[in-house]
2 protein chains.
Amino acid sequence: MPANHNFSKLARQPAYRAVSEKIRQVILSGELQAGDMLPTELELADQFGVTRSTLREAIRLLEDSGIIGRTDRKRLVVTLPQTATIGRSVSSAMLMHRVTFEELWQVAMGLEPLAGKLACASATADDKQRLAANLQLTATVLDDHKRLLEAEIEFHNLVASATHNYALLQARAPLNDLFYPAWGAVIRALSPGQRILVAHQKVFDAICNNQPKEAERWMEKHMIDFRRGIEMGNLGFHQPVTSAANSDPQN
Amino acid sequence: MPANHNFSKLARQPAYRAVSEKIRQVILSGELQAGDMLPTELELADQFGVTRSTLREAIRLLEDSGIIGRTDRKRLVVTLPQTATIGRSVSSAMLMHRVTFEELWQVAMGLEPLAGKLACASATADDKQRLAANLQLTATVLDDHKRLLEAEIEFHNLVASATHNYALLQARAPLNDLFYPAWGAVIRALSPGQRILVAHQKVFDAICNNQPKEAERWMEKHMIDFRRGIEMGNLGFHQPVTSAANSDPQN
DNA sequence: TATTGACATATTGTAGGACAATGGGTCAAT
DNA sequence: ATTGACCCATTGTCCTACAATATGTCAATA
């Protein structure tokens, strides 16, 4: 009987992965900052001692994370990842895991009231103005299901943005892609426009008057309304959400 | 003066992007499920009518999202994205955005108490047993800074896992990579082992006795302790977190 | 002077071919 | 039941090539 020592399976990584890791590392270390231009593919390939094909594969790995991109269809440039870019990966993962509306709702219950609360302290005049504009818009599209949903999503984005907390923005990104779009069915079924507007108005007032508790409370009410809407409409609160937003422009 | 109509800049996407989108779409639509094998690179390239080089670039885009991978160093396979895989992209983004400890803490205050609360209803016997084992371990490493931190991180992961809410797990992934590791400095500075253990114990008891409010409350206390630790240790509560966890195995 | 056209140049997107390294399979020898 | 020898399919990597596109220059023109 052999001695029972298990060697850990040694994992050599292919060159394209090593290259991508190295670039990522240099960027994260701050040695390269957002906006910095990278050399051409050929020169980069030379520096790493690989072919352009291999280098391009490495680039793709980073491209999806949104930490590098192309300027005007040419040079490679280090970019600050956009919430939406990352969000898409996260949303894909959630779709594959068949995340239910309930699960998303629970997260929303944790983050949206928090966003409302934090926004009170950090919202700028600009933020408030954008919120005001959104409210005005909402009032005019109460019966236009499609545009009402858009306004609804924008409102919650504006509140989250007003916190100026990127970690929070990132954490709630999947709500944009999966939670609110799924709620479109409720809007079509129950036409709760008026009720939405009131909640938004209350949150907005609380933010303007710097009343964190109020903002939190109304956002929470609003979220509970969401849940009730889904349940009343019998729209699958415990079902996996689907990617209604998965419209591909081309082809 | 020319008529003031601005054409929207038309964006044609390169083939490698189109191919990657198409594959992602087929996977997200459920037509291909996790575990399904994809054809070889050559055959895939043929099907799409592109070269293997182009196809490989498309593959890389998906590989980083963790929705496809390699089996045993060979065939392509559709995989269920791991929280850690996606988390790395998210964490990279946060590092580049210079997210502060405070921002992460605010998110933690939203999600961790929530995790505690939800875990009460959904924790299985298995979950509880793992938590119990973690507590025992923690008690034995109170003075070993490194292992205490590991146990600490594991505890919060176990609580989150016990919710069986993938959306929540995903949303709090960056806490694992950035928030808790940064807390290592506090442990070294203040040796708060005993205090950590008590909080964990209280949360655990609450989960076992199905007392959501208690679990939530103690988790919240625990988070506030975190904040106080950082502030007392004068460890940069308002500074951007750094990637202490960014240890690259090779090279 | 400011716009247009013509041309040279650089770089990307894509193709196609080549080959070593590796993993899987078969089959005979032990 | 394990080992060794062999073949084969596929990946990782390299190389070369070329069309499409963007940049830059400079002369021609209104």
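In what follows, chains are A, B, ... by sequence order, proteins preceding strands, each numbered from 1.
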Contact list (N/O, under 3.5 angstrom) for nucleotides 16-18 of chain C vs protein:
{"residue": "dG16(C)", "atom": "O6", "partner": "Ser53(B)", "partner atom": "OG", "Å": "3.3"}
{"residue": "dA18(C)", "atom": "N6", "partner": "Arg52(B)", "partner atom": "NH2", "Å": "3.4"}

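Look at CD1 on Ile59(A): it is 14 Å from C1' on dT11(C), rounded to the nearest Å. Computed from coordinates, the Tyr16(B) OH to dA20(D) C1' distance equals 14 Å when rounded to whole Å. In this structure, the CG atom of Asp46(A) is 12 Å from the P atom of dT11(C), given to the nearest Å. As a whole-Å value, the separation of Leu42(B) CG from dC8(D) C1' is 15 Å. Remark: P of dT11(D) and CG of Leu44(B) are 9 Å apart, rounded to the nearest angstrom. If you measure from atom CZ of Arg70(B) to atom P of dG24(C), you get 14 Å, rounded to the nearest angstrom. The interatomic distance linking Glu41(B) (CD) with dT13(D) (P) rounds to 11 Å, in whole Å. The nearest whole Å value for the distance from the CZ atom in Arg17(B) to the C1' atom in dT14(C) is 16 Å.
The 5' end of DNA chain D is approached more closely, in terms of each residue's nearest nucleotide, by Leu76(B) than by the other of Gly49(A) and Leu76(B).
Within 6.0 Å of atom CD in Gln129(A), 12 or fewer heavy atoms from other residues, nucleotides or ligands are found, so the atom counts as exposed in its surroundings.
In this model, a donor atom of one side chain and an acceptor atom of the other lie less than 3.5 Å apart for Ser65(A) and Asp64(B). In the model, Thr83(A) has no side-chain atom that pairs as donor or acceptor with a side-chain atom of Arg172(A) under 3.5 Å. Under the 3.5 Å distance criterion, with hydrogens and angles disregarded, no donor-acceptor pair is assigned to the side chains of Asn134(A) and His200(A).
A close approach under 4.0 Å does not occur between any side-chain nitrogen or oxygen of Arg56(B) and OP1 or OP2 of dT11(D). Listed pair Arg75(A) / dA22(D) fails the phosphate criterion, with no side-chain N or O lying under 4.0 Å from OP1 or OP2.
With distances taken from any side-chain atom of Arg60(A) to the nucleotides dT11(C), dG13(C), dT11(D), the minimum falls on dG13(C).
Once rounded to the nearest 0.5 Å, the distance linking OH of Tyr16(B) with CZ of Arg56(A) reads 6.0 Å.
A salt bridge is defined here as a Lys NZ or Arg NE, NH1 or NH2 lying under 4.0 Å from an Asp or Glu carboxylate O, and Lys146(A) with Glu152(A) fails to meet this definition.
Listed here is the closest heavy atom pair of Leu80(A) and Gln82(A): O-NE2, 3.1 Å.
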